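Note sheet for the following structure.
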There are 2 protein chains.
Amino acid sequence: MKIGQLADKTGLSIQTIRFYERKALLAAPQRTQSNYRSYSDEALKQLLFIKQCRSLDMTIEEISLVLETRTNPESSCENVNATMDKHIDDIKHRISELNALQKTLKSMRAACNDDKKIKECGVLHRIDSIVDSHCPAKRND
Amino acid sequence: MKIGQLADKTGLSIQTIRFYERKALLAAPQRTQSNYRSYSDEALKQLLFIKQCRSLDMTIEEISLVLETRTNPESSCENVNATMDKHIDDIKHRISELNALQKTLKSMRAACNDDKKIKECGVLHRIDSIVDSHCPAKRND
DNA sequence: CTTGACTCTATACCAAGTATAGAGTTTACA
DNA sequence: TGTAAACTCTATACTTGGTATAGAGTCAAG
């Protein structure tokens, strides 16, 4: 199978497939006489696995780790689970960051309605007041 | 004030300050005879404003927009508020994506404990089963 | 035989910085 | 006054996960 067909079957772009090869997520395939990449069904499965992992927002490094472990069916899956645990924890952390941020933004936004002028804008005043409180210039004047 | 002092006062790195200048968030300052950047207190305030916006996870483009509007105190703050609304919405969207993702990951992770072998790993089986269901290779055999 | 579709490599680009090399400048101390 | 450390300058490369070109070669249909 040539790269275009593989792209169609996986829903990944041709560039992305070549990118994964450069990143060593996907083994370099055989080449035809005219130097075209020629893929097996194994490559298709591997790519779908990678795609699924990416849809879980795993980084390429994380996927790399899991793929490496996966090649030895007798090895322990401790590494895979540790990677997942770390990943779950990262996401939990990011969610709580974003929740806090959302709260701040909403309260900030509530300080202004749309028909004010810039000099009266509640949002800008809120930012400015934080800036002023951190700005040593005031104290040096 | 030279760039190093400005970096100390803002808590930004020297490179970041120069980066913001390249991105036109910060006006190019005057230069000394030896070509060193020489900053006013205005620049300090501007940088603290930018830093605060970045801590709100606003993109440089969003900050640019707000800064531009901000220069005219008589203009309407509609743009600022529209930017904030869009930003709040983006974050809301991202949070719900991450929540869904977290749920998937946790349920996946629950399918395996640490002392299994790779071939028995519940996490990998869950990924594989999704892959298999999307893989046309099976049907072509 | 030529046109269009496909593929190849190499390179540049995006965000939001960070890190470096190599050169010039200023400051502190003896 | 000398010199060494600390500072600054520009320019360039690197990060992540791709995307988008240019310019060349290959393949299939009419």
Side-chain angles (χ1 to χ4, degrees), chain A residues 1-26 28-39 43 46-67 83 86-87 90-91 94 97-98 101, chain B residues 1-26 28-39 43 46-67 83 86-87 90-91 94 97-98 101:
Chain A
M1 166 175 27
K2 282 189 284 185
I3 199 167
Q5 291 171 273
L6 189 59
D8 285 347
K9 287 192 184 180
T10 57
L12 298 169
S13 75
I14 290 175
Q15 297 98 305
T16 299
I17 294 171
R18 290 197 281 239
F19 172 74
Y20 287 158
E21 182 182 325
R22 268 204 313 285
K23 289 287 169 179
L25 280 189
L26 189 66
Q30 299 218 264
R31 299 288 183 129
T32 65
Q33 284 181 329
S34 53
N35 201 32
Y36 285 13
R37 288 172 179 81
S38 176
Y39 293 98
Q46 176 99 343
L47 268 184
L48 288 170
F49 184 92
I50 293 166
K51 191 188 176 187
Q52 185 57 29
C53 289
R54 283 294 300 136
S55 86
L56 296 172
D57 228 13
M58 292 169 66
T59 64
I60 285 185
E61 209 181 337
E62 286 171 332
I63 300 171
S64 233
L65 227 87
V66 170
L67 285 175
T83 302
K86 168 98 172 49
H87 185 53
D90 287 349
I91 285 165
R94 185 63 184 148
E97 275 180 352
L98 287 181
L101 179 57
Chain B
M1 164 173 36
K2 282 189 285 184
I3 200 167
Q5 291 169 273
L6 189 60
D8 286 346
K9 286 192 183 178
T10 56
L12 298 169
S13 74
I14 290 174
Q15 296 100 302
T16 298
I17 294 171
R18 290 197 281 238
F19 172 73
Y20 287 158
E21 181 181 328
R22 269 206 311 286
K23 288 287 168 179
L25 280 190
L26 189 67
Q30 299 220 263
R31 299 289 184 128
T32 66
Q33 284 181 330
S34 54
N35 201 33
Y36 285 12
R37 288 171 178 82
S38 178
Y39 293 98
Q46 175 100 345
L47 268 183
L48 288 171
F49 185 92
I50 293 166
K51 191 187 176 186
Q52 184 58 29
C53 289
R54 283 292 302 136
S55 85
L56 297 172
D57 228 14
M58 291 168 67
T59 64
I60 285 185
E61 209 182 336
E62 285 171 332
I63 300 170
S64 234
L65 225 86
V66 171
L67 285 174
T83 303
K86 168 96 170 49
H87 186 53
D90 287 350
I91 285 165
R94 184 65 184 147
E97 275 180 353
L98 287 181
L101 179 57

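Just so we're clear, the structure is a prediction, and the values are computed from it rather than from any experiment. Lettering follows sequence order; numbering is per chain, from 1.
Within 6.0 Å of atom CD in A:E97, more than 12 heavy atoms from other residues, nucleotides or ligands are found, so the atom counts as buried in its surroundings.
In this structure, A:M1 atom CE and C:dT7 atom C1' are separated by 16 Å, rounded to whole Å. Taking atom NZ of residue B:K51 and atom C1' of nucleotide C:dG17, one finds them 15 Å apart after rounding to whole Å. At whole-Å resolution of the value, CD1 in B:I17 and C1' in C:dT18 are 14 Å apart. Atom-to-atom, CG of B:L56 to C1' of C:dA16 comes out at 16 Å; the value is rounded to the nearest Å.
Judged as a side-chain contact (heavy atoms from CB on, under 4.5 Å), and not counting sequence neighbours, the contacts of A:D90 are A:E62, A:K86. For B:E21, the side chain to side chain donor-acceptor pair (under 3.5 Å) partners are B:R37, not counting sequence neighbours. Qualifying side-chain contact (heavy atoms from CB on, under 4.5 Å) partners for B:L65, counting only residues two or more places apart in sequence or in other chains: B:T83. Listed by chain and residue number, nothing satisfies the salt bridge (Lys or Arg N to Asp or Glu O under 4.0 Å) test with A:E61 (two or more places apart in sequence, or in another chain). Annotation: side-chain contact (heavy atoms from CB on, under 4.5 Å) contacts of B:Q5 (sequence neighbours excluded): B:M1, B:K2. Under the rule for a side chain to side chain donor-acceptor pair (under 3.5 Å), the partners of B:S13 that lie at least two apart in sequence or sit in another chain are B:T16.
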Output a table of donor-acceptor pairs, distance under 3.5 Å, between side-chain atoms of residues 47-57 of chain A and any protein atom two or more places apart or on a different chain; print 'none' if there are none.
{"unit_1": "A:K51", "atom_1": "NZ", "unit_2": "A:T10", "atom_2": "O", "d": "2.9"}
{"unit_1": "A:R54", "atom_1": "NH1", "unit_2": "A:M58", "atom_2": "O", "d": "2.6"}
{"unit_1": "A:S55", "atom_1": "OG", "unit_2": "A:Q52", "atom_2": "O", "d": "2.8"}
{"unit_1": "A:D57", "atom_1": "OD2", "unit_2": "B:R94", "atom_2": "NH2", "d": "2.9"}

Going 5' to 3' along nucleotides 7-20 of chain D, which nucleotides have protein heavy atoms under 4.0 Å from the base (write B), which only from the sugar-phosphate (write S), and which from neither (write -)? BSBB------BBBB
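Comparing the start and finish of the helix from C:dC1-D:dG30 to C:dA30-D:dT1, five pairs each, the helix axis swings through 30°, to the nearest 10 degrees.
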